[in-house]
Structures are given as structure tokens and as C-alpha cells.
Amino acid sequence: MKVNFNLKGKVAMVTGGGSGIGRGICLKLAENGADIAICDINMDNAEKTAEMVRNLGSKAMVQKVDVANAGQVETGVEAIIKTMGKIDILCNNAGVSLIKNIVDLEEKDWDAHMNINAKGVYLCSKAVAKHMIARGEGGRIINTASYLGKIAAPGLGHYCASKFAVVGLTQSLACELGPYKITVNSVCPGDVDTPMMEKEWVMHAKNRGITPEEAKEENRQRMLLGRLEKPEDIANLVAFLASDLAEYITAESINVSGGLPFTR
Ligand code: NAD
């Protein structure tokens with residue numbers, strides 16, 4: 001079903017826009033009229049998303065930004081404002097995952113999760129919020145957290161810690177930025193059929209002596225709504241939160257998980 005959230009004239013910066021949920025967000029915002037700055041560390045994939053955005057009739061630019069690198073974030077935000085004129089919507093979506101029990105987890109993996117999933121949201125929000133405050137026309141910050149930003153899961157302690165951080169940061173930032181008419185919310189996906197989840201199915205399969213296809217099929221059968229989640233399921237909520245219809249929604253972290261916390 002197509003609903004028009006009327007984002008014509010808006011500019012969105014989407015991190016991790018080269019793949020999976022990030023690409024889905026770019027396409028949905030473009031479908032609703034927004035121009036898109038796609039930020040990623042994988043430039044080939046970012047270019048592919050840009051091409052898809054342009055095919056929908058919106059402007060697109062790509063910018064290499066490692067969200068965990070303060071210098072790259074600042075330079076990237078400046079470049080986007082120079083090229084696109086402004087940023088109305090920031091989607092902090094870039095992220096990584098790994099399945100490993102804490103007793104086996106290496107310090108570098110802990111650091112990578114905290115640096116990309118949590119610190120990346122802080123760095124990008126800081127750079128873009130300064131610009132939004134100075135412009136004085138409000139704005140939207142929409143973070144991709146996870147249902148695992150609210151409940152725990154074995155083998156994902158480092159990931160949960162990073163996503164709980166995103167939910168906490170969402171609430172604090174919303175308090176600080178509310179006076180400037182900037183709303184801050186998180187979308188919390190369940191298990192979404194993306195390259196990240198494909199890797200997780202491989203890890204699950206290895207741990208349990210089954211094939212990745214069997215792990216994926218088990219996942220599908222567990223879902224309350226009988227199908228796996230798609231990037232578009234999350235992108236629909238992002239487009240709504242970016243629109244004028246959501247002007248009074250802030251500090252929320254909303255699950256789009258097909259009821260995953262209630263499955264067996
Ligand atoms: P994905 O692996 O398909 O895409 C992630 C993108 O982020 C890639 O394009 C990658 O190059 C980019 N990226 C990685 N590190 C980066 C960095 N340091 N700087 C900039 N870009 C970087 O993953 P996805 O499934 O689309 O996940 C997107 C977001 O959704 C992540 O934050 C993830 O934690 C979250 N999430 C995913 C699921 C799921 O089931 N797939 C569930 C809950 C939450």
C-alpha cells in the first residue's frame with residue numbers, strides 16, 4: 001500500500017544507506033519526495049542506492065562517512081550541506097552485529113559495536129543537530145535501534161549494550177532538542193531479511209549444526225505474521241516519523257518487529 005507522506009523539498013542524510021534497511025529507508029523517503037545523501041563506508045553499494053533514488057525522481061549524493069570517525073562525520077555533514085543546502089532529516093542507521101557469548105568476545109569486537117552502533121549515533125546527531133539548531137526550522141532525527149535495545153538475547157550482549165545505548169540517547173537528545181522543534185525517535189526492527197541477518201543465519205547454523213537456509217526457515221516459521229520482516233516494513237515507519245503527521249511524537253523507540261519478542 002502506498003501512502004504519500006509528502007517529504008517534497010526535504011533533504012535526508014541516511015547512514016548505512018548502501019545496504020539492507022538503510023537502502024530501504026533511502027528509497028522510501030525518495031518515493032515520498034525527499035532528496036537523499038547516502039553515507040556509507042561501502043561506496044559501490046552507496047552508488048547503487050543513489051542510482052535507485054534517482055530513478056524515483058529525487059536527487060541523490062553519496063558521501064563516504066565512517067560514523068565512528070569524528071573527523072569523517074564532520075567533513076561529511078559539511079559536504080552534504082554544501083551540496084544539498086541543508087539537512088532536514090537524519091537517519092542514524094549504520095550498524096554491525098556479531099553472535100558471540102561474552103566469555104568468548106574479543107575486546108576489539110566490543111569496541112567496534114560501541115563505536116559504530118552507539119558512538120556513531122552521538123557523532124552524527126551532534127554534527128547535524130548543530131546545523132538544525134542554527135537553521136531554526138526544526139528537524140527529525142530517526143535512529144535505527146533494535147528490539148534488542150529493550151530486551152536481552154544470548155550471544156548478543158555487546159549488540160544489546162550498544163542498542164540500549166541508542167534508546168537512552170534517543171530519550172536524552174529528545175529532551176535537549178525539543179525546544180528547537182527537532183524530534184528524536186528510534187525505530188526498533190526485529191529480524192529483517194538483509195545482508196546483516198544473512199550473516200547471522202550463517203553464525204546460528206554453524207553453532208547448531210544446521211544449514212543457513214534451515215536457520216532462515218526456522219526464523220520465518222517463528223514469526224507471528226508468517227513471513228520475515230523486510231526493510232520496507234521499517235522504512236514505512238521512518239517515512240511517517242519524518243513527516244508532518246509525526247510532529248508531536250518524540251523520545252519514542254517503536255518496535256517494528258512483527259511481534260518478535262512474543263514468538264517462541
Ligand atoms: P546491513 O549490513 O545490510 O547494512 C549496514 C550498512 O551499514 C552497510 O551498508 C555497511 O557498509 C554500513 N556500515 C557499517 N559500518 C559502518 C560505518 N562504520 N560507517 C558507515 N556505514 C557503515 O545491515 P542492516 O540489517 O540493514 O542493518 C541496518 C541497521 O539496522 C543496523 O543499525 C542494525 O543494527 C539494525 N538492525 C538490523 C536488524 C536486522 O535484523 N537486520 C534488526 C534490528 C536492527
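In each ligand, atom 1 is the first atom listed, and ligand 1 is the first ligand listed. Basis for what follows: all heavy atoms, side chains included, without hydrogens, waters or symmetry-related copies.
- Ligand 1 has an N or O atom lying under 3.5 Å from an N or O atom of Asn93, backbone or side chain.
- When the salt bridge (charged side-chain N to carboxylate O under 4.0 Å, His left out) test is applied to Lys108, the partners found at least two apart in sequence or on another chain are Glu106.
- Residue contacts with ligand 1 include Asp191, since one or more of its heavy atoms lies under 4.0 Å from the ligand.
- In terms of polar-atom proximity, defined here as any N/O pair under 3.5 Å, Pro189 makes no such contact with ligand 1.
- For the pair Cys188 and ligand 1, no heavy-atom separation below 4.0 Å is found.
- No donor-acceptor contact under 3.5 angstrom links the side chains of Thr170 and Ser253, judged on distance only.
- Counting heavy atoms under 4.0 Å from ligand 1, residue Tyr159 touches it through the side chain alone.
- Between the side chains of Glu200 and Ser97, a donor-acceptor pair is found at a separation under 3.5 Å.
- Of the options Arg140, Met13, Arg135, a side chain to side chain contact (heavy atoms under 4.5 Å, CB included) to Asp88 is made by Arg135 and by none of the others.
- For Asp40, a nitrogen or oxygen atom sits less than 3.5 Å from a nitrogen or oxygen atom of ligand 1, counting backbone and side chain alike.
- Of the polar atoms of Ser19, at least one N or O is found under 3.5 Å from an N or O of ligand 1, judged by distance alone.
- For a threshold of 3.5 Å applied to N or O pairs, the pair formed by Val192 and ligand 1 contains at least one separation below that value.
- Gly190 O, 2.9 Å is the protein heavy atom nearest to atom 42 (C) of ligand 1.
- Using a 4.0 Å cut-off between heavy atoms, Glu200 makes no contact with ligand 1 at all.
- Closest to atom 30 (O) of ligand 1, if we only count protein heavy atoms, is Thr144 CG2, 3.2 Å.
- Scanning all heavy atoms of the two residues, the minimum distance from Ala242 to Leu7 falls at O-CD2, 3.7 Å.
- Under the 3.5 Å distance criterion, the side-chain polar atoms of Ser58 are left unmatched by any main-chain donor or acceptor of Arg54.
- Note on Arg220 versus Asp193: no salt bridge recorded, every NZ/NE/NH1/NH2 to OD/OE distance being 4.0 Å or above.
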Worksheet item: When you look at Val184 and Asn143, which way does the side chain to side chain contact (heavy atoms under 4.5 Å, CB included) test go after all the steps?
Response: CA-CA 8 Å; Val184 187; Asn143 305 318; 4.1 Å; yes
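- Residue contacts with ligand 1, taken as heavy atom pairs separated by less than 4.0 Å, involve Ala145 solely via the backbone atoms N, CA, C and O.
- The shortest N or O to N or O distance between Asp66 and ligand 1 is below 3.5 Å.
- Closest protein heavy atom to atom 25 (O) of ligand 1: Thr194 OG1, 2.5 Å.
- Within 6.0 Å of CD on Glu217 lie more than 12 heavy atoms contributed by other residues, nucleotides or ligands.
- Using a 4.0 Å cut-off between heavy atoms, Ile116 contacts ligand 1 through its side chain alone, with no backbone atom that close.
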